[in-house]
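Lettering follows sequence order; numbering is per chain, from 1. The analysis underlying the following values was restricted to heavy atoms, covering all of them including side chains, and did not include hydrogens, waters or symmetry mates.
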There are 2 protein chains.
Amino acid sequence: IILTKTQTLAPYLRMFPAMRVKIAGLDPHQQYYIAMDIVPVDNKRYRYVYHSSKWMVAGNADSPVPPRVYIHPDSLASGDTWMRQVVSFDKLKLTNNELDDQGHIILHSMHKYQPRVHVIRKDFSSELSPNKPVPSGEGVKTFSFPETVFTTVTAYQNQQITRLKIDRNPFAKGFRDSGRNRTGLEAIMETYAFWRPPVRTLTFEDFTNMQKQQGKPKCVLWTFVG
Amino acid sequence: IILTKTQTLAPYLRMFPAMRVKIAGLDPHQQYYIAMDIVPVDNKRYRYVYHSSKWMVAGNADSPVPPRVYIHPDSLASGDTWMRQVVSFDKLKLTNNELDDQGHIILHSMHKYQPRVHVIRKDFSSELSPNKPVPSGEGVKTFSFPETVFTTVTAYQNQQITRLKIDRNPFAKGFRDSGRNRTGLEAIMETYAFWRPPVRTLTFEDFTNMQKQQGKPKCVLWTFVG
DNA sequence: GAATTCACACCTAGGTGGCAATAT
DNA sequence: ATATTGCCACCTAGGTGTGAATTC
């Protein structure tokens with residue numbers, strides 16, 4: 001076969017908007033991995049009902065997929081290095097291909113998921129691998145934020161999401177319509193928490209209080225195309 | 001000022017053809033860094049004499065520049081990992097900007113240089129940094145190959161080099177002239193050792209014999225534009 | 001009928017030598 | 001006179017949504 005240069009060779013997509021976190025409370029001289037995985041929120045499959053603009057349960061979840069972990073590319077780094085920067089997960093890739101062998105995170109379409117951030121001390125992490133679940137226990141802290149729950153799709157169900165991505169993702173610049181931007185964006189601002197991309201602080205010492213620091217949780221719809 | 005999108009923001013260049021080496025004799029379970037630096041061959045400045053097609057001495061070398069080390073991006077990795085692959089230095093960047101703060105390797109134009117490959121055991125490398133000379137002594141092995149000596153320029157002095165780069169570097173495809181390629185390439189094949197890119201084996205146990213394994217050394221002219 | 005796939009135009013981001021302009 | 005710089009067209013490589021075709 002002859003492949004044209006613009007052909008998509010693998011059905012995957014980056015996460016957008018990307019999750020970004022700020023870390024606090026690490027030992028500056030200790031080495032850490034930071035990783036993300038994405039876990040099901042419930043055991044249901046959903047469909048989008050247009051006339052009510054809502055996601056409705058449409059049966060039970062599909063069978064589980066191979067566990068995958070995105071190890072942040074700055075790993076391994078010292079606590080000091082991690083705490084100096086905003087840690088961004090913008091290169092994490094999602095796919096709905098259950099046979100994927102590129103290490104991308106595999107998800108079912110039309111399901112609800114939640115990303116989790118793991119901070120893993122090096123001396124407890126002998127078995128860390130993109131294809132194994134993150135170990136738990138001493139030296140591993142896991143964080144998740146309710147406002148980052150999202151629903152997977154293969155085609156956008158909501159015109160506001162399409163506009164958000166076109167207006168905010170640099171790679172979609174070709175679809176921008178300058179006449180529409182101002183008013184469209186203001187509507188999205190009121191609806192979604194990520195108008196300024198979420199930068200969250202993970203505090204080891206005060207994790208149990210963290211929910212209160214976040215402001216009001218909002219439902220964020222992220223999308224992916226298979 | 002307004003920057004156009006195609007403006008070059010930093011005066012640097014990749015090394016091409018890239019140096020590629022194959023490593024042998026490491027402890028598979030030990031961790032190693034692999035790094036490259038580039039050292040002056042002599043204390044001279046050169047100019048190219050067209051009518052004789054030779055480099056002639058044109059005075060003493062310019063003042064020394066800040067030492068820089070390119071740490072191979074796959075570092076830190078196990079001996080096993082390093083030995084499984086051809087280690088390529090194609091992303092190493094050169095500049096003639098003595099004030100460079102991007103960690104690129106700084107060289108003077110119109111001087112002769114030689115790249116060196118360093119294999120550094122992790123437990124001996126506490127001070128490894130892109131801005132410090134590579135440590136020497138126990139746990140550090142340094143290799144260099146006489147056929148990889150090159151002369152730096154800001155404009156090509158030799159049409160064969162221009163043809164080589166146009167015909168072999170994928171990013172220069174726009175300058176290829178299909179009518180010229182065949183005969184031009186054959187002339188270069190006879191002149192330069194890197195017609196097949198150099199893949200060299202570094203053997204810890206048998207380093208002193210290595211020169212003999214290499215075939216006849218040839219002078220390779222690499223170039224850079226500031 | 002709804003969900004998914006695919007080729008495509010259009011972007012971002014950055015690596016080429018050419019060549020005219022500038023610097024030494 | 002020679003060496004260097006800056007802008008450019010033209011590439012590689014890969015991330016977007018579109019809309020028609022396909023699948024289920």
Side-chain angles (χ1 to χ4, degrees), chain A residues 1-18 45-50 56 58 62 90-97 102 108-111 151-157 159 161-177 223-226, chain B residues 1-18 45-50 56 58-59 62 90-97 102 108-111 151-159 161-177 223-226:
Chain A
I1 65 168
I2 297 176
L3 301 180
T4 67
K5 52 186 162 184
T6 57
Q7 185 165 352
T8 301
L9 296 173
Y12 65 80
L13 201 67
R14 283 194 187 176
M15 182 181 273
F16 186 89
R45 167 178 253 280
Y46 289 80
R47 68 188 187 88
Y48 193 75
V49 180
Y50 293 88
M56 307 290 284
D62 296 342
D90 58 327
K91 292 195 175 58
L92 180 153
K93 292 195 174 80
L94 307 174
T95 183
N96 65 342
N97 176 11
Q102 306 301 302
H108 286 126
S109 186
M110 314 306 275
H111 290 239
T151 308
T152 51
V153 297
T154 58
Y156 296 137
Q157 309 290 334
Q159 185 60 27
I161 293 299
T162 308
R163 284 185 188 167
L164 172 83
K165 301 192 90 168
I166 288 175
D167 291 333
R168 299 289 293 176
N169 190 323
F171 294 105
K173 201 176 187 178
F175 298 99
R176 285 184 198 163
D177 168 13
T223 57
F224 87 113
V225 176
Chain B
I1 65 168
I2 297 175
L3 302 179
T4 68
K5 50 186 164 185
T6 58
Q7 185 165 354
T8 299
L9 295 173
Y12 65 80
L13 201 68
R14 281 195 188 177
M15 181 181 275
F16 186 89
R45 166 178 256 278
Y46 289 81
R47 69 186 185 90
Y48 192 74
V49 181
Y50 293 87
M56 308 290 285
D62 296 341
D90 59 326
K91 291 194 175 59
L92 181 152
K93 291 195 174 81
L94 307 173
T95 183
N96 66 343
N97 176 12
Q102 306 301 303
H108 286 127
S109 186
M110 313 307 274
H111 290 239
T151 307
T152 50
V153 296
T154 59
Y156 296 138
Q157 309 289 332
N158 179 331
Q159 186 59 27
I161 292 298
T162 308
R163 284 187 189 163
L164 172 83
K165 301 192 89 167
I166 288 174
D167 290 333
R168 300 290 294 176
N169 190 321
F171 294 106
K173 202 176 188 177
F175 298 99
R176 282 182 201 165
D177 168 12
T223 58
F224 87 113
V225 175

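To the nearest angstrom, P of D:dT4 lies 16 Å from OH of B:Y48. Note: CG (A:D167) to C1' (C:dC10) measures 16 Å, nearest angstrom. The distance between atom CZ of B:R14 and atom C1' of C:dG17, rounded to the nearest whole Å, is 16 Å. In this entry the distance linking CD1 of A:I166 with P of C:dC11 reads 12 Å, nearest Å. Nucleotide D:dT4 holds its P atom 14 Å from the CG atom of B:L13, rounded to whole Å. At whole-Å resolution of the value, CG in A:N169 and C1' in D:dT18 are 15 Å apart. For the pair B:F175 CZ and C:dG15 C1', the computed distance is 11 Å after rounding to whole Å. Atom pair A:K91:NZ and D:dT16:P shows a separation of 11 Å (rounding to whole Å applied).
Between B:G174 and B:Y46, the residue whose closest nucleotide on DNA chain D is further toward the 5' end is B:Y46. For the pair B:R47 and B:P170, both in contact range of DNA chain D, the more 5′-proximal nearest nucleotide belongs to B:R47.
Residue B:F171 has its side chain nearest to C:dG15 when only D:dT16, C:dG15, D:dT5 are considered. If you check D:dA3, D:dG17, C:dG17 against the side chain of B:Q157, the one that comes closest is D:dA3. Here D:dT4 is the nucleotide among D:dT4, C:dT4, C:dG17 with the atom lying nearest to any side-chain atom of B:M110. Among the nucleotides D:dT12, C:dA9, C:dT16, the one closest to the side chain of B:K173 is D:dT12. When each of D:dG17, C:dG15, D:dT4 is scored by its nearest atom to the side-chain atoms of B:T154, the top-ranked nucleotide is D:dT4. Taking only side-chain atoms of A:Y156, from C-beta outward, the nucleotide of D:dT18, D:dA9, C:dT4 with the closest atom is D:dT18.
Proximity of a side-chain donor or acceptor of A:R176 to a complementary backbone N or O of A:I166 within less than 3.5 Å is detected.
Listed pair B:Y12 / C:dG15 meets the phosphate criterion, a side-chain N or O lying under 4.0 Å from OP1 or OP2. Between A:S109 and C:dT4 there is a side-chain polar atom (N or O) within less than 4.0 angstrom of OP1 or OP2. Side-chain nitrogen and oxygen atoms of B:N96 include at least one within less than 4.0 Å of the OP1 or OP2 phosphate oxygen of D:dT5.
Across all strands shown, A:K93 has heavy atoms under 4.0 Å from sugar-phosphate atoms exclusively, and none from any base.
Between B:N96 and the choices B:L13, B:T152, B:T154, the side-chain contact (heavy atoms from CB on, under 4.5 Å) rule is met once, by B:T154.
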TODO: Determine, stepwise, if the pair A:F16 / A:R168 fulfils side-chain contact (heavy atoms from CB on, under 4.5 Å).
DONE: CA-CA 9 Å; A:F16 186 89; A:R168 299 289 293 176; 3.8 Å; yes
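Judged as a side-chain hydrogen bond (donor to acceptor under 3.5 Å, both in side chains), and not counting sequence neighbours, the contacts of B:R45 are B:D62.
Below 30°, between 30° and 60°, or above 60°: for A:Y48 and A:Y50 the angle between ring planes is above 60°, a perpendicular geometry.
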